Structures are given as structure tokens and as C-alpha cells.
Asker: 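Please read through the structure below; I'll follow up with questions.
Each chain gets a letter, A, B and so on, in the order its sequence line appears, and its residues count up from 1. Computed from a predicted model, the values in this text were never measured in an experiment.
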Amino acid sequence: MKLYNTLAGEVEEFVPSDGQSVKMYICGVTPYSSTHVGHALSYVAFDVLRRYLEHLGYTVRHVQNFTDVDDKIIQKAQEEGITPQELVDRYVDDFFRCMDALNVQRAHVYPLATQEMSPIIETIQTLVDKDYAYPAGGDVFFRVTKSNDYGKLSHRTLDGMQAGARVEVDEHKEHPMDFVLWKGAKPGEPSWESPWGPGRPGWHIECTSMAMTYLGETLDIHGGGQDLIFPHHENEIAQSEASTDTMPFSRYWVHNGLLQLGEDKMSKSLGNLVSVDQALENYSPDSLRLYFLSSHYRSPLSYSDEGCAAMERSAGRLRHALARETGGKKGDPLDTGPYQERFLAAMDDDLNTPRALAALFDLARDLNRAGDEGRDVRAAQYSLRRLGGILGLTFQEPASGGQDQLAAKPFIELLLATRTELRKAKQYEMADQIREGLDQQGVILEDTAQGTQWQYHPRG
RNA sequence: GGCGACGUAGCCAAGUGGACUAAGGCGGAGGUCUGCAAAACCUCUAUUCGGCGGUUCGAAUCCGCCCGUCGCCUCCA
């Protein structure tokens with residue numbers, strides 16, 4: 001397949017280094033607040049990448065970290081009067097719950113920075129020994145000027161970055177762009193013993209260390225949001241390649257465009273977040289996935305209720321096509337070949353999911369038409385389900401509420417039975433009254449040849 | 001200030017030199033089916049791709065300028 005590689009700055013043919021197994025490291029979250037829809041977009045994108053690679057027959061080994069020690073975690077835990085560990089546990093649980101709900105496949109390993117101190121310290125020690133890093137004032141810094149290609153991922157130069165630097169320069173740094181590998185502990189902060197005194201790892205080093213521990217010195221794919229390109233991934237490359245003398249650290253760098261809310265990027269610092277829980281209260285997992293996948297993964301996308309609601313209706317179209325009767329024996333069964341080819345060609349082209357979806361919607365429409373003509377559509381339905389599966393679509397009904405709605409079920413069915421009798425007796429006025437009454441309670445009816453179907457309004 | 005991305009119908013969004021007389025979704029209009037609805041299906045809904053120039057036999061697609069929006073350069077998916 002073809003994949004855009006940030007390092008090369010262009011679309012390249014992707015082949016794993018050993019031809020069959022893909023070593024994929026995706027940057028995970030810092031668990032100190034609720035999982036938001038921006039995270040959902042990113043992890044859905046990489047989930048689709050993984051599912052497609054698996055479809056191509058590759059074995060994917062997927063590692064994704066949690067940054068479980070960090071300034072924000074320490075601060076938030078202090079504010080709430082709980083331990084950092086308790087805070088982390090809460091939001092790691094939240095993350096898994098949200099990702100499971102969105103049908104995002106779990107990674108094979110989820111390393112935690114705090115559980116990987118030995119390898120992290122060893123990596124820093126190697127960098128110090130090689131003169132790529134220097135202790136100063138209790139911290140350890142990476143010496144960017146020692147790297148002769150620093151800036152190659154973000155396509156910047158040290159001079160260019162300094163020109164617009166808004167960074168407060170630490171007095172201990174030799175160069176303003178030097179970054180911290182090990183942070184000396186301040187009183188009251190969690191810390192670990194190290195050759196440079198008690199402290200904790202800097203942000204970037206954990207990914208280097210964990211990626212190498214679980215995947216080796218060279219990754220096939222390293223992914224994350226575009227906001228991680230600089231400084232996070234740039235620094236990872238610098239320290240990784242310096243510590244192993246092996247290039248490249250990752251053969252492909254894949255970055256998703258960021259989700260925006262209105263005009264602005266959705267981010268923790270701006271506080272303009274929509275949590276995954278909030279989104280899932282109103283919209284089905286499929287509709288959210290469709291929303292994310294309706295634009296290319298590298299383009300920015302604005303989150304909106306109108307957009308989600310539109311996708312809820314789209315999701316319903318696909319679901320309906322799968323739920324309909326399988327057609328008859330008139331004529332030839334619908335040939336699914338052309339749709340599959342279009343779908344796969346689109347996916348092959350740097351995961352062009354908007355084009356892939358167009359093929360799916362065309363398939364659904366032609367499936368419905370063929371079914372109406374009495375042709376056999378079982379193969380088409382199978383194909384739609386299978387291709388949709390590559391996009392992680394479940395085709396499940398929107399979650400039909402909680403206990404109240406379950407309890408209402410027998411009463412609804414009783415009303416429907418009564419209405420059916422009324423219709424048989426051509427008492428349409430009363431039958432329509434029942435339909436309207438149910439509609440006002442959020443239950444929508446559909447009279448089909450097989451009888452009356454009902455479901456709760458997919459809100460929106 | 002430096003680097004980069006984008007501007008396509010009412011909205012979202014593909015297409016990046018020739019079958020584009022521009023996918024697909026949502027919305028809208030009309031129709032078929034239906035007791036009526038719903039769903040589904042059919043037809044229609046951008047003579048045009050931010051503006052102005054240029055290159056070319058040919059440009060939404062390449063180049064230049066202008067206007068507008070956004071991102072990164074600081075924690076962030």
C-alpha cells in the first residue's frame with residue numbers, strides 16, 4: 001500500500017522491513033483527564049491502518065504507551081487530593097472504556113513509563129556515555145547540536161526554530177533547543193533513583209525506551225497526532241538514533257490531522273473539549289467512525305453536532321442494507337467485485353477512506369436496488385459487512401437506552417400487536433394514533449412485508 | 001518573525017494536467033411503492049472548483065501574485 005511518510009514528506013510504498021510483520025508504535029495519551037473526541041479520531045485512524053494492514057495479510061505488532069508520570073498528572077492529583085497513581089488508574093480505565101466502545105482494537109502491549117525505569121535510565125546513561133547528553137543542575141539534557149540532522153522530521157533547522165522561539169531557556173542548557181531526558185525531583189514529587197540523583201524521565205525518552213524494549217531498534221511505523229511531530233517525535237528520533245547508531249529509528253512516520261472544535265484546535269490547554277462519553281451519549285460508535293473517516297486522516301476536521309447527526313443517518317443506510325431481506329432468485333446475484341476493487345484501491349492509496357466509503361455507499365444502494373428486483377443479495381451483504389469491518393464498523397443499532405427502555409419493550413410490543421389488528425380491520429385512524437403516540441415517546445415504526453419493525457430514535 | 005496546510009454545491013467531503021459533461025454522504029424538490037407513513041428505489045439539486053494573471057493543444061489540478069482560514073514553532077492525539 002501507499003502511505004504518507006512525514007519523514008520523507010511524501011507518499012511512499014509501504015512494505016514492512018521483513019516483508020510480513022509490521023512493528024507499529026503509536027503514541028498513547030497522558031491519562032489525567034477524560035478521553036476526548038480528538039483522541040478518538042486519532043486512535044480510530046490508526047485502528048483502520050492496523051485493520052487494513054492485517055487485511056493485506058501482515059501480522060501487526062502494536063505497542064501503545066501511557067505517559068503515567070508528568071507535570072500535569074502530579075498537579076491534578078495534588079488538586080484533587082489523590083495520588084498520581086489513583087488519577088492515572090481512573091483515566092486509563094476511561095480510555096479503555098471509550099476505545100472499546102468505539103470498537104478500536106486493543107494494542108498488544110501498553111507499557112507504562114513508571115514500569116520501565118531501568119531501560120529508560122540505561123538509555124539515558126548510554127547517551128551520556130556517548131556525549132550526546134550532559135547532566136546539569138540535577139537534570140540531564142540532550143545535546144541537539146551533536147545531532148547532525150536534528151530537525152529532519154519536522155523539516156526545520158535549529159536556526160529557524162530559534163528565530164521564533166518562545167521557549168524559556170533553562171540556564172543550565174548549553175543550547176536553547178536542548179531538551180530534558182531526566183528531570184531532577186523537586187520536593188514532594190514522585191521520583192526514582194538514578195545515577196544523576198532522584199528524579200523522573202523527560203517526556204520523550206520513555207517512548208524511545210519502550211519502543212525499543214518491545215519492538216527493537218527499528219520500527220516500521222511510528223504514529224501519532226500531527227501535534228507530536230515537533231518536538232516529541234523529532235526528539236525521539238534524535239535520542240534514539242544517537243543511542244543505537246541505527247538509522248532510521250522508524251521507517252515510516254504517520255501523523256493524523258487534528259480534530260478542531262469550531263475554529264480552534266481541540267486541546268487540553270484551550271479547554272474546548274468534547275469527551276467521548278458525551279459524544280457517545282448522542283451518537284452511535286459507527287456514526288462517529290463514519291464522521292472521522294469521511295475526511296482523509298491527514299486533513300484537519302471540525303467536530304460538530306450537525307456532522308455527527310448526518311453520519312448517524314448515513315450509518316442507518318448501511319445498517320438497513322444489511323438488515324433487509326436477502327432477495328430472491330430472479331436474475332443474477334449482484335456482482336460485488338467492482339465495489340471491492342474500488343474500496344481496496346482507495347484504501348491502498350494512503351488510506352483514502354472518503355473514497356472507500358463512497359464505494360460502500362454505492363454498494364449499499366445497488367444492493368437495495370438488486371434486492372427490490374428480487375435478485376440474490378446475500379453475497380453483496382456479506383461483502384458490505386466485510387469491507388465495513390476493515391473500517392471497524394459494527395453495523396449495530398445505536399445503543400437502545402437503559403433500563404427504562406428495556407422495561408418498556410413488552411408494552412410497546414403489545415401496542416404494536418393491537419395496531420396490527422386495527423390495520424387489518426382497516427381502522428387506520430386509531431392505528432395512526434398509536435403510531436404517533438409511540439413516535440412522541442421516541443419510538444419509530446416501520447411497516448414492512450415481514451411485519452412492523454420498531455426502534456428508538458437515533459437522536460440528532 | 002520562521003515552517004507548513006488548506007479554500008470544490010445549502011453543509012460535510014473526494015478528485016491534483018485530458019473519458020471532470022466534478023465521487024460519496026447530509027439536506028432540499030419531484031416521483032414510484034404504501035391505507036397513510038417510514039424505509040428503499042428513480043429523477044433533479046456546482047456550465048463550475050477563493051480572486052486575478054500565466055504555462056499548456058488542454059488546468060479544479062502546474063507557476064506567480066492577491067484575498068481568506070487554520071496548524072506547528074510551548075503541554076497536547
Asker: Please list, by residue number, the residues of residues 423-438 of chain A whose heavy atoms come closer than 4.0 Å to an atom of RNA chain B; answer none if no residue qualifies.
Answerer: A:R423, A:Y428, A:D432, A:R435
Asker: Over 60° means perpendicular and under 30° means parallel, so tell me whether A:H255 and A:W253 are parallel, tilted or perpendicular.
Answerer: parallel
Asker: Which part of the nucleic acid, if any, lies within contact of A:S299, taking any heavy atom under 4.0 Å across all strands shown: a base, the sugar-phosphate backbone alone, or nothing?
Answerer: sugar-phosphate
Asker: Measure up the A:Y110 and A:F96 rings against each other and bin them: parallel (under 30°), tilted (30 to 60°), perpendicular (over 60°).
Answerer: perpendicular
Asker: What orientation do A:Y25 and A:H222 show, parallel under 30°, tilted 30 to 60°, or perpendicular over 60°?
Answerer: tilted
Asker: What are the atom names and distances for every N/O pair under 3.5 Å that joins the protein to nucleotides 27-31 of chain B?
Answerer:
from   : atom 1 : to     : atom 2 : distance (Å)
B:rG27 : OP1    : A:R313 : NE     : 2.9

Asker: Only Watson-Crick and G-U wobble pairs, only distances under 3.5 Å, only runs of 3 or more: what stems does that leave for RNA chain B?
Answerer: B:1-7 with B:67-73, B:10-12 with B:24-26, B:27-32 with B:40-45, B:50-54 with B:62-66
Asker: Check A:R97 with A:D94, please: is the shortest side-chain N to carboxylate O separation under 4.0 Å?
Answerer: yes
Asker: Does atom CZ (A:R365) have a neighbourhood of more than 12 heavy atoms from anything else shown, all under 6.0 Å?
Answerer: yes
Asker: With heavy atoms under 4.0 Å as the rule, sort A:G224 into base, sugar-phosphate or nothing.
Answerer: sugar-phosphate
Asker: Are the charged groups of A:E80 and A:R90 less than 4.0 angstrom apart, N to O?
Answerer: yes
Asker: Could you check whether A:R319 pairs with A:D286 (Lys NZ or Arg NE/NH1/NH2 to Asp/Glu carboxylate O, under 4.0 Å)?
Answerer: no
Asker: So A:Y150 and A:F179, would you call those rings parallel, tilted or perpendicular, with 30° and 60° as cut-offs?
Answerer: parallel
Asker: Looking only at atom P, what distance separates B:rA23 and B:rC44, rounded to whole Å?
Answerer: 11 Å
Asker: Given B:rA77, B:rA13, B:rA40, which nucleotide is nearest the side-chain atoms of A:P354?
Answerer: B:rA13
Asker: Just by modelled atom types, is the A:L391 backbone N or O under 3.5 Å from a matching donor or acceptor in the A:R51 side chain?
Answerer: no
Asker: Quick one: do A:Q396 and A:S284 satisfy side chain to side chain donor-acceptor pair (under 3.5 Å)? Show the steps, please.
Answerer: CA-CA 9 Å; A:Q396 279 164 14; A:S284 68; over 6 Å; no
Asker: Grab the CG-C1' distance between A:L258 and B:rA5 for me, whole Å please.
Answerer: 12 Å
Asker: Of all the nucleotides listed (B:rA39, B:rA23, B:rA77), which has the minimum atom distance to the side chain of A:H39?
Answerer: B:rA77
Asker: Contact class for A:A358 (heavy atom, under 4.0 Å): base, sugar-phosphate, or nothing?
Answerer: base
Asker: Using a 4.0 Å heavy-atom cut-off across all strands, classify A:D70 as base, sugar-phosphate, or nothing.
Answerer: nothing
Asker: Please determine whether a side-chain nitrogen of the Lys or Arg among A:D376 and A:R378 lies less than 4.0 Å from a carboxylate oxygen of the Asp or Glu.
Answerer: yes
